[in-house]
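This report refers to the structure that appears directly beneath it.
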2 protein chains.
Amino acid sequence: MLGANPPARQDNRQTLIDATLASVAEIGLIRTSVSEIITRAGLSRGMIHLHFQGKDNLLAAAAKHSSERYYKRLDQYLRDAKPDPQYRIEALIQCDLSEDGLTEDIVRITHEFQAATRAFPILAPYSDTRDARLRRYFEEAFTQIIIQTGETDPSQVSRDITTGLVATMEGFWVDFLLHPQDFDRARAARIVFRMLSGLLPDYFDLNGAKAPN
Amino acid sequence: MLGANPPARQDNRQTLIDATLASVAEIGLIRTSVSEIITRAGLSRGMIHLHFQGKDNLLAAAAKHSSERYYKRLDQYLRDAKPDPQYRIEALIQCDLSEDGLTEDIVRITHEFQAATRAFPILAPYSDTRDARLRRYFEEAFTQIIIQTGETDPSQVSRDITTGLVATMEGFWVDFLLHPQDFDRARAARIVFRMLSGLLPDYFDLNGAKAPN
DNA sequence: AACAAAAATGGACGATCGTCCATTTCTGCC
DNA sequence: GGCAGAAATGGACGATCGTCCATTTTTGTT
């Protein structure tokens, strides 16, 4: 029986986090009360205080968990991508628009926490770094490409393209949030690649990344 | 003294709306309680019930007012723009990134209401139509341009470009929301026009719209 | 089987929520 | 100046909020 107990503690901790995220996704952060969370978790009132010393810490843990889940998926897509920078960029875009990466629950949770940063400053780090990491991955890949084109100021150009692309992806998330049933993932990807092919026609076409020559 | 009283009623109504928006911008919708609103408005508790029959209706009125203020500015920019479609597009972009169109308060309020739609369904129409009108303006202008280029399917292309552009603008708002001090309006505009010039080089360059030829 | 420590329970607590209404104050007209 | 009606007040109300802790239950060791 050795080691059978410690994970039980972790189980309830995670159960609370899952219940919190489910509640935020379904009824919003405003209506996500302690009573709501413990009802969904099927646990008793005191568990939140025992594991998190209060509601704020639980919300922070939930935001952190959601953020880490996002990163994990991003890194998985990058590992599966071909090494050329345009394929890595394509992988990031596809990940951010995929059936498992962009779901109603995920986009709702993300935006709830983003908006709640003002009321719960403890949440700031987890709504702030999401695009920071995505941005870094994009910028590294674009810099590799821009250097090849012999641009005079590759740093500025790659930073600009990255900022624009991240903004566009962020906007598609908002689009999906407001009209999930009307959203067309393939069309969104096509639009992004149309933009990229206009900027870097040697590396992208309307279908995605082009083979390096 | 004729007519001096009727506006007083409207004054207090508007005072409540203004106080609500100020509270939402400063401390977020979650912390915007009835007590908070009436304290900011300097009015008594019962006024909300008298003018709006409840908190929900007041929030809806505040969201509506914020939405209408946005439209008003958009239409003003359009009236001041040259008639050619590329100039109208430039005007919409400049409006959405201007010092008076994109402020910390405005972007916070917009996103608070957007996120709260789940908890307060009564707010949906006002967070939903914002990009609908912007989208329509963009699409009308792009359609005019695309038709001139002799594209085989001008409707689809202009819809795609519109969707991408609206997403990018939306993303810049989120960017500004999260990093208002780091945000560079001129750079954001340059990035947008870089994208557009890649797609429609005859109508846009890095500085904005190009003169028709 | 007994014991100590950890985990889990669920009710009590004061604070605050939004709603509602009896009362007071203000306003325009006769 | 007095009256009718609208506007405004602010306290009372029950519900619900998040926190906390005395108690019970479970677990691992002897």
Side-chain angles (χ1 to χ4, degrees), chain A residues 1-21 23-24 26-63 112-113 116 118-123, chain B residues 1-21 23-24 26-63 112-113 116 118-123:
Chain A
M1 302 297 159
L2 196 134
N5 193 24
R9 193 179 211 278
Q10 287 302 317
D11 280 354
N12 281 343
R13 220 188 110 93
Q14 189 58 43
T15 300
L16 285 171
I17 289 176
D18 292 341
T20 302
L21 290 176
S23 174
V24 170
E26 192 176 330
I27 60 176
L29 197 52
I30 295 180
R31 299 215 193 284
T32 297
S33 63
V34 167
S35 303
E36 180 69 32
I37 294 170
I38 57 105
T39 299
R40 285 173 184 265
L43 296 173
S44 64
R45 206 156 182 69
M47 293 295 279
I48 289 176
H49 185 254
L50 178 67
H51 286 293
F52 298 98
Q53 295 83 45
K55 189 192 178 188
D56 286 22
N57 283 338
L58 170 55
L59 291 180
E112 287 283 341
F113 282 135
R118 183 143 301 268
F120 301 95
I122 198 177
L123 299 177
Chain B
M1 301 301 155
L2 196 136
N5 191 27
R9 193 177 212 278
Q10 286 302 317
D11 281 355
N12 281 342
R13 218 188 113 93
Q14 190 59 44
T15 301
L16 285 171
I17 290 176
D18 292 341
T20 302
L21 291 176
S23 174
V24 169
E26 192 176 332
I27 61 177
L29 197 52
I30 294 181
R31 298 214 192 284
T32 297
S33 62
V34 167
S35 304
E36 178 69 32
I37 294 169
I38 57 106
T39 299
R40 285 174 183 265
L43 296 173
S44 63
R45 208 158 181 65
M47 292 295 279
I48 290 177
H49 184 254
L50 177 66
H51 286 293
F52 299 98
Q53 296 83 44
K55 188 191 179 188
D56 286 23
N57 283 338
L58 170 54
L59 292 180
E112 288 283 340
F113 282 134
R118 184 145 301 267
F120 300 96
I122 197 175
L123 300 177

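Side-chain atoms are counted along with the backbone in the values below, which use heavy atoms only and exclude waters and symmetry mates. To find a chain, count down the sequence lines: A is the first, B the second, and so on, and within it residues start at 1.
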- prompt: Is a side-chain donor or acceptor of Ser23(A) paired with a backbone partner of Ala19(A) at a separation under 3.5 angstrom?
  reply: no
Output the rounded distance in Å from [atom1] ([X]) to [atom2] ([N]).
{"X": "Ile48(B)", "N": "dT9(D)", "atom1": "CD1", "atom2": "P", "answer": "12 Å"}
{"X": "Leu50(A)", "N": "dA5(C)", "atom1": "CG", "atom2": "P", "answer": "17 Å"}
{"X": "Asp11(B)", "N": "dA6(D)", "atom1": "CG", "atom2": "P", "answer": "19 Å"}
{"X": "Leu16(B)", "N": "dT19(C)", "atom1": "CG", "atom2": "P", "answer": "13 Å"}
{"X": "Met47(A)", "N": "dT25(D)", "atom1": "CE", "atom2": "P", "answer": "16 Å"}
{"X": "Phe52(A)", "N": "dA7(C)", "atom1": "CZ", "atom2": "P", "answer": "14 Å"}
{"X": "Ile38(A)", "N": "dG10(C)", "atom1": "CD1", "atom2": "C1'", "answer": "9 Å"}

- request: Would you indicate, yes or no, if dA7(D) has its OP1 or OP2 atom less than 4.0 angstrom from a side-chain nitrogen or oxygen of His51(B)?
  value: no
task: Check whether any side-chain N or O of Asn12(A) sits under 4.0 Å from OP1 or OP2 of dA7(C), and answer yes or no.
output: no
State the [atom1]-[atom2] distance between [X] and [Y], to the nearest 0.5 angstrom.
{"X": "Leu59(B)", "Y": "Ile17(B)", "atom1": "CG", "atom2": "CD1", "answer": "10.5 Å"}
{"X": "Ile27(A)", "Y": "Glu112(A)", "atom1": "CD1", "atom2": "CD", "answer": "10.0 Å"}
{"X": "His51(B)", "Y": "Leu58(B)", "atom1": "NE2", "atom2": "CG", "answer": "10.5 Å"}

field: Selection residues 32-41 of chain A - residue pairs positive for salt bridge (Lys or Arg N to Asp or Glu O under 4.0 Å), sequence neighbours left out
entry: Glu26(A)-Arg40(A), Glu36(A)-Arg40(A)
What side-chain donor-acceptor pairs closer than 3.5 Å can you find for residues 42-50 of chain B, not counting sequence neighbours?
residue, atom, partner, partner atom, Å
Arg45(B), NH1, Ser35(B), OG, 3.4

Heavy-atom protein contacts under 4.0 Å, nucleotides 12-17 of chain C, coded B base, S sugar-phosphate only, - none: B----S
- prompt: If each of His49(A) and Leu43(B) is mapped to the nucleotide of DNA chain D with the nearest heavy atom, which maps nearer the 5' terminus, i.e. the 5' end?
  reply: Leu43(B)
